[in-house]
Visitor: 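Below is the structure I would like to discuss, written out as structure tokens.
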There are 2 protein chains.
Amino acid sequence: MYYDLKETDSLAHSTAVQVSREIGRRIVSGNYKPGDLIEDEMSLSERFSVSRSVVRDAVKILVGKGLLEVRRGIGTRVQERTKWGLLDNDVLAWHLSSPPDREFLRQLMEVRLIIEPKAARWACEHGRDKQLAEIEIAQTRMEEEQSSIEDFVIADALFHRAIFRASNNEIMRAMEGLIFSALLSSIRLTNKDPRKNKESILFHRKVADAIIQRDADKAEARMESLLGDAGHRLKKQINTPKK
Amino acid sequence: MYYDLKETDSLAHSTAVQVSREIGRRIVSGNYKPGDLIEDEMSLSERFSVSRSVVRDAVKILVGKGLLEVRRGIGTRVQERTKWGLLDNDVLAWHLSSPPDREFLRQLMEVRLIIEPKAARWACEHGRDKQLAEIEIAQTRMEEEQSSIEDFVIADALFHRAIFRASNNEIMRAMEGLIFSALLSSIRLTNKDPRKNKESILFHRKVADAIIQRDADKAEARMESLLGDAGHRLKKQINTPKK
DNA sequence: ATTTTTTAAACATCATATGATTATAATTGT
DNA sequence: ACAATTATAATCATATGATGTTTAAAAAAT
């Protein structure tokens, strides 16, 4: 419930989108399980106090994201996880309002570890000056952010996002959502104040510097270190059951 | 119009999904441009000979994929490309019914080149025996396929998909659609009979063997060669304007 | 026990009406 | 003339009710 940034910002107001978010969260959080039939349109419209039209709009959104399958005469059922559009920004965001899933997070980090170093490289090779400046801005903001944990993590995410954007690869850009999901999940899971970790900020500084200097090799290597370090600390935290 | 595999297979019948595909294609193919207002619900419902409800369902699907933004009082406008869920399987598939975009394809290959070698590695490390068997099956099918170009390319795609699946990483799996899009686009662009390329089949054979033997290092390296080779030939083709 | 028929549940589509929001045009005040 | 205000038309949002189609399951017939 805490971290509720982005998501389909356009139209975050419309009731249909709200309902789709509500249902989407229940699906992602395992409240509705794959294969399950969810309630019929009438029940849903009563439960959310909206008309059937709204329910249908909401369901259509989720069908588009691969979370639901509707068959007339049968009902609406939750798709198998393999059908889900896991890279959809909303779907990723919904993961944040569910109990953090360690295995999912591990896989997320695994992918980040191969994606982001290349993003850093491409930022050096194809990034426009203005885009690199954005990276520096995000870095500074992260170094200076002391007010809240949340703001710090968001600054962190913006840093990584700036790199994705500077890579000037559309496919890469489409993965931006991964970062927010991974970072916020990781914070919630480890429950540690990331501002305390001066070492991490140093890692970021080094990456930023390399990119600004357009030293692709260095940037790639340093991003690997950064993520490797984060992943390592994360793993330690995770494998040590908190209580 | 040729290559029309997968897409939201569930419910490919419902009119709403058909209409969403039609509009989606127009957007992806640049027929409707980002920032443009598309026709209002009434006109669309007349154009497609369906009711407004169906149009609204269709539009909702596209809103969910980030292609459209609806604002009451204004209309429905096409989102900026950066908002698109480019990794959505439908969106990728719609690219296939548009004139191939060289730059998009280049970026796709760029990403494949960093993703797939790791997928091959993880297949070795985490793949279940049955999943590896699937890879071998796909490989055999590719070697034996001689009937049509299309079938051959599909066999090729299934080979790569089998590897993604064997990686047992959900995020990775969610990228399956990339393969189909990349392979089919590439064929349409170069307009060359891939069956003729015995060398390519050999590359695939080597990758498959390495994975079956669960030799992660070899698998990763060989997948790099495979994609590097493909990318290289593709580049040559592309940069040589046909006619 | 098997096949056929009927029925009820559920979604698909259509049609219509009303409310809310927005941009634009018309009006008014100065 | 210019600015501020107001009215209007366009467009989507939501609600409601009716009818059609599909499916699964119950009932009936053989």
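Below, chain A is the first sequence line, B the second, and so on; all start at residue 1.
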Visitor: Does A:Glu170 offer a backbone N or O that forms a donor-acceptor pair with the side chain of B:Gln107 under 3.5 Å?
Guide: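 Yes, because the side chain of B:Gln107 sits within donor-acceptor range (under 3.5 Å) of the backbone of A:Glu170.
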
Visitor: Which label fits B:Phe104 and B:His95: parallel for a plane angle under 30°, tilted from 30 to 60°, or perpendicular past 60°?
Guide: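 Answer is parallel, since the angle falls under 30°.
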
Visitor: Of the options D:dA13, C:dC14, D:dT21, whose atoms approach the side-chain atoms of B:Arg72 most closely?
Guide: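 Looking only at side-chain atoms, B:Arg72 lies closest to D:dA13.
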
Visitor: Rounded to whole angstroms, how far apart are CD1 on B:Ile74 and P on D:dC12?
Guide: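 After rounding, the reported distance stands at 10 Å.
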
Visitor: C:dC11 P sits how many Å from A:Leu44 CG, rounded?
Guide: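 My rounded result for the distance is 8 Å.
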
Visitor: Do the side-chain N or O atoms of A:Arg56 get closer than 4.0 angstrom to the phosphate oxygens (OP1, OP2) of C:dA12?
Guide: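 Yes, because at least one side-chain N or O of A:Arg56 sits under 4.0 Å from OP1 or OP2 of C:dA12.
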
Visitor: If the cut-off is 4.0 Å, is A:Arg52 near the phosphate of D:dA15, judged by side-chain N/O to OP1 or OP2?
Guide: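 Result: no.
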
Visitor: Could you tell me how far apart A:Leu68 (CG) and C:dA10 (P) are, to the nearest whole angstrom?
Guide: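 After rounding, the reported distance stands at 16 Å.
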
Visitor: Taking the basic N atoms (NZ, or NE/NH1/NH2) and the acidic carboxylate oxygens, is any pair closer than 4.0 Å for B:Arg21 and B:Asp90?
Guide: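 So B:Arg21 does not pair with B:Asp90 through a salt bridge.
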
Visitor: So which nucleotide from C:dT22, C:dC14, D:dA15 ends up closest to the side chain of B:Val50?
Guide: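 Output: C:dC14.
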
Visitor: Output the rounded distance in Å from CE (B:Met42) to P (D:dA13).
Guide: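 Whole-Å distance recorded here is 16 Å.
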
Visitor: Can A:Asp36 and A:Arg77 be counted as an ion pair, charged N to O under 4.0 angstrom?
Guide: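 Salt bridge flag = no for A:Arg77 with A:Asp36.
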
Visitor: Within the pair A:Thr76 and C:dA10, is there a side-chain N or O less than 4.0 Å away from OP1 or OP2?
Guide: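 No.
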
Visitor: Name the closest nucleotide to the A:Ser53 side chain, picking from D:dT16, D:dT21, D:dA13.
Guide: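 Output: D:dT16.
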
Visitor: Of the candidate nucleotides C:dC14, C:dA12, D:dA13, which contains the atom at the shortest distance from the side chain of B:Val70?
Guide: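 From the listed options, D:dA13 comes nearest.
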
Visitor: Judged by each residue's nearest nucleotide on DNA chain D, which is more toward the 5′ side, A:Val54 or B:Ile38?
Guide: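 Nearer the 5' end of the strand: B:Ile38.
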
Visitor: Measure the distance from CD on B:Glu39 to P on D:dT11 and round it to the nearest whole Å.
Guide: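 Taking CD of B:Glu39 and P of D:dT11, I get 11 Å after rounding.
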
